[in-house]
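Chain letters run A, B, ... following the sequence lines, proteins first, then strands; residues in each count from 1.
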Amino acid sequence: MPTIELSHVSKVYRTIKKDSGLRGAVKALFRPHYVEKVAVHDLSFHVDAGEVVGYIGVNGAGKSTTIKMLTGILHPSGGSIRVLGRDPHRERVANAREIGVVFGQRTQLWWDLALRESLNLIANIYELEPARYRQLLAEFAQTLELEELLSVPIRSMSLGQKMRAELAATFLHQPRVVYLDEPTIGLDVMVKERIRAFIRDQNQRNGTTVMLTTHDLDDIEQLCQRVIIIDAGSVVYDGPLSTIKQRFGTFRSIAFETAHPLEIEHLILPLGTAIASHGERALEVRFDRTVTSASQVATALMPQIEAIDFSLAEPDLESIIKQIYAGTHTAALREEVLV
Amino acid sequence: MTLALRRKGRLYRSIAVMTFKQYLAYNLWFWVQLLGQILMMTVFVFFWRAVYAGRGTVGGLEQQQTITYILLAQMIAPLVQWGQILPMGDLVREGMIAIELTRPVDLQERFYIETLSSLGYSLLQQVLTVGLFARFVFHLQLPSDPAIWAAFGLTLLLGNAILFCFDWMFACLAFYSTEVWGLHVVREGTVMFFSGALVPLVMLPGWLQSVASWMPFSQALYTPVALLSGIIPAAQAPQVWLVQLAWLAALAVGSRVVFRLAVRKVTVQGG
Ligand SMILES: Nc1ncnc2c1ncn2[C@@H]1O[C@H](COP(=O)(O)OP(=O)(O)OP(=O)(O)O)[C@@H](O)[C@H]1O
Ligand SMILES: [Mg+2]
């Protein structure tokens, strides 16, 4: 039995649309005009125990909506969801006992309480054995570097401190499934690294199933073997990260730095290449590996531009996702998913 | 079983302690509120003295009885004043409802524990401030029989639970519309009047009294205060409790049903 299972799930938000001004407000009161927004449409996938899945898509694709339905907060408008064999909405409290969730923009800790007090409270809410709690607290305090923060109230923590505290709170009751909705948003590289290491460690040691939503592709590359990409509320890709990289990493780019100001109009580009970006003395060219090669591109361009330096970028996930987001590959991906 | 109870006890205690601490965090607000209350109380006492000028009884009550009632009612009023509509509205509007609903604690249960905790806190605070003021400035007279105090305590507790369940149903409307401020204002006015915070309900015309008796508000204020000030004789306490238990049973069931329906309607604001 999969740990998380969605079949044909949809979610429609219904909101009252108001015209501006007092007139609009009064009108909305007597004759409300509803607008429906389909946030998730015919969404199906499943996740097995112990997997770390990256759940990605552009702003407004429906990621947070999915997470909210999986946690049981939102009632799906259609289809069915099972988490650990339960309907998370109907059995919300029972489901809550076994899951952990981070909503990147909110805190589950109590604003005015010191971190230690908040964690005590959470330990009580999840009915942790006191001895086990002390052990985990000591462990987390070390791995997340929380020692100095334990006596600090949440309201006076920095973003990075808050997120570390948040993760400790989320994993404290050793949940079997954890949903992380943008856990690294707005953090610096060091904190991101620490958080990723912590998540990886929890996954490896306890077999925690993790679903991770993020716009930071380093998160994905470092944590997830599998990605699900959604667009406009439906799955457009579901599979291993490596496949996307192979399949869609056909474009690479070379960046040149030139001695003199560039005259872009006069450049003659070899077949299969296009200018990705340019500045006064900088040029980035994107090329299709199946048509040409890095050395061919370099040879063709070097004499034209008097390059003083050039570098070849590895095909990174970001540019691939960018292409997918831009719609270049959406059709191709859809076909593949269907095949 | 006992282990489960002990865990529950630990949870409830920590929620109560947290509520208590959050109250203590708002010090300034407390003094402002206190000043307002003392002012209100003084106005009320002078008002009723003026009403009684040259009269033996009003609406069947003697002056001393009415003044005692009004002083006590003003002390209890803050315990019924607020309700759950605004806090729930805030939770929904700010999207924090998402966090609350992912905790393995029934939200209504948690709100009730908090209400209970703030009942204890407010009561203590009222007795130590407004209570002392009433005692020394207006010579508030209280019964010495501990049985009456016990009856008062139980009635207050039951009344508070009744009011909580009632308020919970309206608080659930926040799941349907986040603009609940108007609802709160209406509730506050209705509760202040029909709970008996302003006038002893026995003084009202018969039809208004029966309207009041069909609303649950008086259970949380009028009934306990009337017991303590002798308007309702102590011998009637068992009947009072029976009525309260009936209210509680009906509203407890009602509030659960409404909550279950409302939770299906939750939409969480913001990412
Ligand atoms: N409470 C709501 N009421 C109405 N529409 C909503 C509500 N919440 C989300 N939506 C809409 O549903 C769609 C999906 O939103 P969702 O928050 O799931 O996106 P997301 O993938 O998490 O985006 P982001 O990357 O920006 O966080 C959006 O178009 C959004 O405007
Ligand atoms: Mg989101």
Counting only non-hydrogen atoms closer than 4.5 Å, does A:E117 touch chain B with its backbone (N, CA, C, O), its side chain (CB onward), both, or neither? side chain
Atom pair CZ (A:F103) and OG1 (B:T102), whose distance is rounded to the nearest 0.5 Å: 6.0 Å
Is any residue of residues 122-134 of chain A within less than 4.5 Å of chain B by heavy atoms, and which ones? A:N124, A:I125, A:Y126, A:E127, A:L128, A:E129, A:P130
Please classify the contact of A:W110 with chain B as side chain, backbone, both or neither, using a heavy-atom distance under 4.5 Å. side chain
Hey, which residues of residues 88-95 of chain A are touching chain B, say heavy atoms under 4.5 Å apart? A:H89, A:R92, A:V93
Assert top hit (heavy-atom pairs under 4.5 Å, partner chain B, pool A:L74, A:I67, A:V101, A:I99) equals A:L74
So which of B:R13, B:R110, B:M96 has the biggest tally of heavy-atom pairs under 4.5 Å with chain A? B:M96
So does A:R176 have more than 12 non-hydrogen atoms from other groups sitting under 6.0 Å from CZ? no
More than 12 heavy atoms of other residues, nucleotides or ligands under 6.0 Å from CZ of A:R86: yes or no? yes
Which answer fits A:T107, side chain, backbone, both or neither, if we ask what part of it has an atom under 4.5 Å from a heavy atom of chain B? backbone
Between atom NZ of B:K265 and atom NE2 of A:H75, what is the distance when rounded to the nearest 0.5 Å? 8.0 Å
Per-residue tally against chain B (heavy atom, under 4.5 Å) across A:I73, A:T65, A:N59 peaks at A:I73
Using a 3.5 Å distance criterion without hydrogens, assess whether the side chain of A:R97 forms a donor-acceptor pair with backbone atoms of B:V105. no
Nearest heavy atoms of B:A98 and A:R106, plus distance in Å: CB-NE, 4.5 Å
